[in-house]
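One structure is given below, encoded as structure tokens.
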2 protein chains.
Amino acid sequence: MTTLNRPGAPDGHACGIDTAMEVIGGKWKVLLLWALHEHPCRRFGELRRLLPGITEKVLASHLREMEADGVVRRVSYDEVPPRVEYSLTEDGTRLNDALRPLAAWGRARPAVRRSG
Amino acid sequence: MTTLNRPGAPDGHACGIDTAMEVIGGKWKVLLLWALHEHPCRRFGELRRLLPGITEKVLASHLREMEADGVVRRVSYDEVPPRVEYSLTEDGTRLNDALRPLAAWGRARPAVRRSG
DNA sequence: GTGGGTGGTTACCCTGAGGTGAGCGAGCAC
DNA sequence: GTGCTCGCTCACCTCAGGGTAACCACCCAC
């Protein structure tokens, strides 16, 4: 999205929305957020199995971006075979909470056609 | 996003999130939502001017999709020159409200680097 | 006749997110 | 020595969303 030049928006929320949208903008990021909320401290392979359909490449890049965004914490143990554990940061948990109303809206909405 | 096959998520919110993400997934949709919230009943040209940078094509297609999604109402007056007015539906207003926590999260978050 | 404004539509191109498949380095089981 | 696991990385390709620009039908002002 790059910088959104929200038009009028005096104290508007659009300015915050774009930040959030950048963070959750990836195809699997909300799922990842949710998975890490449900299962704290998950390993790469476990996450892959939790999100059937995601590829290693995308999982790795999403995790990396979310780590850079400060919503995911990555802990690497120097063992062999390698072990890496991912968990939500406090900010990530707050983000997850902030998504609740949106999820509720999605669930509560009237029957939508448009799916075809 | 198509159908998200949320992994474990028993009563999880991911199932609602994907619905919401489909609706607000367009590049300008949250801005449009916000613009229509701030200025109810706007015409096509006014919206275009409110969102500097958006093209007619994208504005038209976004409005059409949001209308199909039931968040935007389109009223066409049979005049000349043609006049069409767009406004939020109740559901659109609720969606906007549901975005507030997300916007608050975006505004309140600690300094992010990664912006480049 | 020319230009401006109305609300769009159409055809085309381009970028980037995401998918595909292969490989790597280390140790352990066999 | 072969193959398995683990956590990635790399090169390549696809495809859809979005940008560009021209055009339509209508009327008015100049």
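We name chains A, B, ... by the order of the sequence lines, and we start the count at 1 in each one. The figures that follow rest on heavy atoms only: side chains count, while hydrogens, waters and symmetry mates do not.
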Could you go through A:R94 and A:D97, starting from their C-alpha distance and side-chain angles, then the distance that decides it, and tell me whether this counts as salt bridge (charged side-chain N to carboxylate O under 4.0 Å, His left out)? CA-CA 5 Å; A:R94 274 193 294 272; A:D97 290 342; over 6 Å; no
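At distances below 3.5 Å, not a single donor-acceptor pair connects side-chain atoms of A:N96 with backbone N or O atoms of A:H37. Side chain of B:W28 to backbone of B:T55: no donor-acceptor contact under 3.5 angstrom is found. With hydrogens and angles ignored, the 3.5 Å screen pairs a side-chain donor or acceptor of B:R109 with a backbone N or O of A:D69. A donor-acceptor pair is defined here as one N or O able to donate and one able to accept, closer than 3.5 Å; such a pair exists between the side chain of B:E46 and the backbone of B:R43.
Following rounding to the nearest Å, A:L32 (CG) and C:dG18 (C1') show an atom-to-atom distance of 15 Å. The separation between B:R43 atom CZ and C:dG5 atom P is 13 Å, rounded to whole Å. Between the CZ atom of B:R48 and the C1' atom of C:dT6 there is a distance of 9 Å, given to the nearest Å. Rounded to whole Å, atom P of C:dT9 lies 8 Å from atom CZ of B:F44. Across the protein-nucleic acid pair, A:I54 atom CD1 and C:dG18 atom P stand 9 Å apart, rounded to whole Å. One interatomic measurement links the two molecules: CZ of B:R49 to P of C:dG4, which rounds to 15 Å at whole-angstrom precision. Between A:E65 atom CD and C:dG16 atom C1' the separation is 12 Å, expressed in whole Å. The CZ-P distance, from A:R64 to C:dA17, rounds to 17 Å in whole Å.
No N or O donor and acceptor, one from the side chain of B:K57 and one from the base of C:dG8, sit under 3.5 Å apart.
Comparing A:P82 and A:S61 along DNA chain C, the residue whose closest nucleotide (by nearest heavy atom) sits nearer the 5' end is A:S61.
The side chain of B:R74 places an N or O atom within less than 4.0 Å of a non-bridging phosphate oxygen (OP1 or OP2) of C:dG8.
Closest to the side chain of A:H62, from the set C:dG18, C:dT9, C:dG27, is C:dG18. Among C:dT6, C:dT10, C:dG19, the nucleotide with an atom closest to any side-chain atom of A:K27 is C:dG19.
Heavy atoms of A:Y77 sit nowhere under 4.0 angstrom from any nucleic acid atom.
Judged by a 6.0 Å distance limit and a 45° cone about the ring axis, A:R83 is positioned over the six-membered ring of A:Y77.
Using a 4.0 Å cut-off between a side-chain N of Lys or Arg and a carboxylate O of Asp or Glu, A:E85 and A:R73 do not qualify as a salt bridge.
Here chain B contacts DNA chain D (any atom closer than 4.0 Å to a heavy atom, that is under 4.0 Å), and the contacts span D:dG18 to D:dC27 from 5' to 3'.
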